[in-house]
A.B. asks: 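Please read through the structure below; I'll follow up with questions.
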Amino acid sequence: MSEANPVERWQARLEETGELTPAVVERISHLHGDRGVRAIEAVSENRVKSYRDFTIVVGYDDEYIVEDGGCTCKDSEYNLDAEDPTDLCWHVLAVAIARRVGHVDYHDMWYSEVREFL
């Protein structure tokens, strides 16, 4: 895995351990700064939710759809460099972490139906 970028390395480590070890938390925090810290907080607060049609991260002001490595948040739209594999919004990071540590809240329903009630 020497050819892997830093994100792929911490993701592989999470897949191996299945948990957020102090070393992995440090890597994520160092590489992604505040976005990494917010992602870890979201996972620990059970704010990553998977529905039949989308994976959602519950943010502070809204819910954000994360799909195929992209996100509907303004940070992804305006601030991130698509060419830099380490430049990810905290919602995408939260989904990557939650999936690897088995901490996704699964709902056997369509998000589009749930969203109508919000």
A.B. asks: Using salt bridge (Lys or Arg N to Asp or Glu O under 4.0 Å) as the criterion, list what pairs up with E41, not counting sequence neighbours.
C.D. replies: none
A.B. asks: With sequence neighbours excluded, what pairs up with D108 under the side chain to side chain contact (heavy atoms under 4.5 Å, CB included) test?
C.D. replies: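 For D108 the side chain to side chain contact (heavy atoms under 4.5 Å, CB included) partners, ignoring immediate neighbours, are R52.
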A.B. asks: Tell me every residue that passes side-chain hydrogen bond (donor to acceptor under 3.5 Å, both in side chains) with T86, counting only those two or more places apart in sequence or in another chain.
C.D. replies: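 Counting only residues at least two positions away or on another chain, T86 forms a side-chain hydrogen bond (donor to acceptor under 3.5 Å, both in side chains) with D84.
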A.B. asks: For a side chain to side chain contact (heavy atoms under 4.5 Å, CB included) check, start with the C-alpha distance between L80 and R35, then their side-chain angles and the critical distance, and finish with the verdict.
C.D. replies: CA-CA 12 Å; L80 304 180; R35 289 181 181 128; 3.3 Å; yes
A.B. asks: Scan for side-chain hydrogen bond (donor to acceptor under 3.5 Å, both in side chains) pairs involving residues 93-103, sequence neighbours excluded, and state none if there are none.
C.D. replies: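 Non-adjacent pairs meeting side-chain hydrogen bond (donor to acceptor under 3.5 Å, both in side chains): Q11-R100, E15-R100, T55-R99.
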A.B. asks: Would V58 and V101 show up in the same hydrophobic cluster when neighbours are defined by side-chain heavy atoms closer than 4.5 Å?
C.D. replies: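 No, V58 and V101 fall in different hydrophobic clusters.
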A.B. asks: Do you know the tightest heavy-atom contact between L31 and P6?
C.D. replies: CD2-CB, 3.6 Å
A.B. asks: Sequence neighbours left out, what passes side chain to side chain contact (heavy atoms under 4.5 Å, CB included) with P85? Give chain and number order.
C.D. replies: N5
A.B. asks: Measuring only between side-chain heavy atoms, which start at C-beta, is I28 closer than 4.5 Å to L20?
C.D. replies: yes
A.B. asks: Hey, any chance V43 and V66 share a hydrophobic cluster, counting ILVMFWY side chains that come within less than 4.5 Å of each other, even indirectly?
C.D. replies: yes
A.B. asks: With sequence neighbours left out, write down each residue that passes side-chain hydrogen bond (donor to acceptor under 3.5 Å, both in side chains) with E77, or none if nothing qualifies.
C.D. replies: none
A.B. asks: Apply side-chain hydrogen bond (donor to acceptor under 3.5 Å, both in side chains) to N79 and list each qualifying residue two or more places apart in sequence or on a separate chain.
C.D. replies: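 D75.
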A.B. asks: Measuring from R13:CZ to T21:OG1, what's the distance to the nearest 0.5 Å?
C.D. replies: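 Rounded to the nearest 0.5 Å, the CZ-OG1 separation comes to 6.0 Å.
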A.B. asks: Looking at every heavy atom in both A94 and A39, which two are closest together, and how far apart are they?
C.D. replies: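 Here A94 and A39 meet closest at N-CB, 3.5 Å.
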A.B. asks: So which pairs with a foot in residues 25-34 pass side-chain hydrogen bond (donor to acceptor under 3.5 Å, both in side chains), sequence neighbours left out?
C.D. replies: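 Those involving residues 25-34 are W10-H32.
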A.B. asks: According to ring-ring contact (aromatic ring centres under 6.0 Å, His included), who are the partners of Y51, at least two apart in sequence or on a separate chain?
C.D. replies: H107, Y111
A.B. asks: Could you name each residue pair satisfying ring pair (Phe, Tyr, Trp, His ring centres under 6.0 Å) that touches residues 58-77, not counting sequence neighbours?
C.D. replies: Y60-W90, Y64-H91
A.B. asks: Any chain of hydrophobic side-chain contacts (each under 4.5 Å) joining M109 to I56?
C.D. replies: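 Yes, because M109 and I56 connect within a single hydrophobic cluster, where side-chain heavy atoms sit under 4.5 Å apart.
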A.B. asks: Should V48 and I97 be counted in the same cluster of Ile, Leu, Val, Met, Phe, Trp and Tyr side chains packed under 4.5 Å apart?
C.D. replies: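 Linked, V48 and I97 end up in one cluster.
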A.B. asks: Who pairs with D105 by salt bridge (Lys or Arg N to Asp or Glu O under 4.0 Å), at least two apart in sequence or on another chain?
C.D. replies: K49
A.B. asks: Return the set of residues passing side-chain hydrogen bond (donor to acceptor under 3.5 Å, both in side chains) with E45 (not counting sequence neighbours), or none when no residue passes.
C.D. replies: R47
A.B. asks: Indicate if F54 and V104 have the same hydrophobic cluster label, given that clusters are the connected sets of ILVMFWY residues with side-chain heavy-atom separations under 4.5 angstrom.
C.D. replies: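 No, separate clusters.
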A.B. asks: Strictly distance-based, threshold 3.5 Å: is any side-chain N or O of T72 a donor or acceptor partner for the main-chain N or O of I65?
C.D. replies: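 Checked: pair present.
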